[in-house]
Amino acid sequence: LEFSLTPDINYTILPKPHFQINDVIIFNNNQNFQKEIAQVKKLKLYLHQTNFFKRQKLKIKSVELFETNFFINKNDLIYLQKFFNKRFLGRPIIVKKANLFYQDMEKNTILFLNLKKVNISFNDKINNDVLNSEGEIYNIPFNITWKKDPLKLEQIINLKFKKINLNVSNLTKIYNK
């Protein structure tokens, strides 16, 4: 991934030390072609509260994206699969107020998701990678939970639509080739 940043970067100590960057564009380099996959209105990088004075020693604690539009097509699915196959041992990623547009190759929107909140993190209590999200698809609210257990080599997805009383669960075993 590559980021296009504006000069509108602010550093704030309160309530927690963080950088705020406005109007960020995220690109995916796919086959030597730079494709825009997200427009972020506001990006916050929260820092660990040690070594503020040495730029090389700054460590990111968590990442928050606000008012984001994601533009995904079938060529991006390979990157997303690699992303979710990696461990989330690093920093949590929180996305608030996002839209996901799944597009065909001519950039026509096939599917639209309105996401209120997405939380991607590693839960060290249960030793799982976890994604929690709530949003709407076709004006129907949903909650989704995805967990990957690297020790049991399995993934669990729970999708709930309360309005239509539909719950979908899936357990996938991961086999190494």
message = Under the criterion side-chain hydrogen bond (donor to acceptor under 3.5 Å, both in side chains), I'd like the reasoning laid out for Thr172 against Asn170: C-alpha separation, chi angles, the key distance, then a yes or no.
response = CA-CA 6 Å; Thr172 305; Asn170 182 41; 3.2 Å; yes

request  = Check side-chain hydrogen bond (donor to acceptor under 3.5 Å, both in side chains) between Asn22 and all other residues, then give those that pass, not counting sequence neighbours.
outcome  = Asp8, Gln20

query = Heavy-atom count around Asn165 CG within 6.0 Å, excluding the residue itself: above 12?
reply = no

request  = Test side-chain hydrogen bond (donor to acceptor under 3.5 Å, both in side chains) on Asn132 and Asn119 and set out the steps.
outcome  = CA-CA 5 Å; Asn132 290 310; Asn119 188 347; over 6 Å; no

Note: Glu134-Lys117 ion pair, threshold 4.0 Å (strictly below) = no

message = Return the CG to CD distance between Asn69 and Glu67, rounded to the nearest 0.5 Å.
response = 9.0 Å

ask   = Crowded around Ile78 CD1? As in, over 12 foreign heavy atoms under 6.0 Å?
value = no

request  = To the nearest 0.5 Å, tell me how far Lys96 NZ sits from Glu64 CD.
outcome  = 4.5 Å

ask   = Should the heavy atoms of other residues, nucleotides or ligands under 6.0 Å from CD1 of Ile13 be counted, would the total exceed 12?
value = no

ask   = Do Ile164 and Phe142 touch side chain to side chain, with heavy atoms closer than 4.5 Å?
value = no

ask   = Would you say the side chain of Tyr11 lies within less than 4.5 Å of the side chain of Pro17, judging by non-hydrogen atoms?
value = yes

remark   = The reported gap from CG in Asn73 to CD in Glu106 (rounded to nearest 0.5 angstrom) is 10.5 Å

query = Do you know which two heavy atoms are closest between Thr145 and Lys147, and how far apart they sit?
reply = CG2-CE, 3.9 Å

request  = Looking only at non-hydrogen atoms, find the nearest pair between Ala98 and Phe70 and report the distance.
outcome  = CB-CE1, 4.0 Å

From Leu113, Leu100, Asn114, Leu115, residue fulfilling side chain to side chain contact (heavy atoms under 4.5 Å, CB included) relative to Ile137 = Leu113

request  = Spell out, yes or no, whether Leu45 and Phe122 are grouped together once hydrophobic residues are joined by side-chain heavy atoms under 4.5 Å, including indirect joins.
outcome  = yes

note = The side-chain hydrogen bond (donor to acceptor under 3.5 Å, both in side chains) partners of Asn108 (sequence neighbours excluded) come to Asp104

query = Atom CD in Glu36, atom NZ in Lys107: separation rounded to 0.5 Å?
reply = 7.0 Å

remark   = Separation between CG (Leu65) and CD1 (Ile93), nearest 0.5 Å, reads 7.5 Å

ask   = Can you tell me how far the CD atom of Gln155 sits from the CH2 atom of Trp146, to the nearest 0.5 Å?
value = 5.0 Å

ask   = Checking side-chain contact (heavy atoms from CB on, under 4.5 Å) for the pair Thr6/Val24: CA distance, chi angles, key distance, verdict?
value = CA-CA 7 Å; Thr6 62; Val24 176; 5.9 Å; no

message = Do Lys41 and Asp23 make a side-chain contact, defined as non-hydrogen atoms from C-beta onward lying under 4.5 Å apart?
response = yes

task = Compute both the distance and the angle, then confirm whether Lys16 meets the cation-pi test with Tyr46: under 6.0 Å from the six-membered ring centre, within 45 degrees of the axis.
result = yes

Lys173 vs Lys152 side-chain heavy atoms within contact, under 4.5 Å = no

query = So which heavy atom on Ile174 is nearest to which on Glu154, and how close?
reply = CD1-N, 4.0 Å

task = Determine the interplanar angle of the Phe71 and Phe101 rings, folded into 0 to 90°, and report it as parallel if under 30°, tilted if 30 to 60°, perpendicular if over 60°.
result = parallel

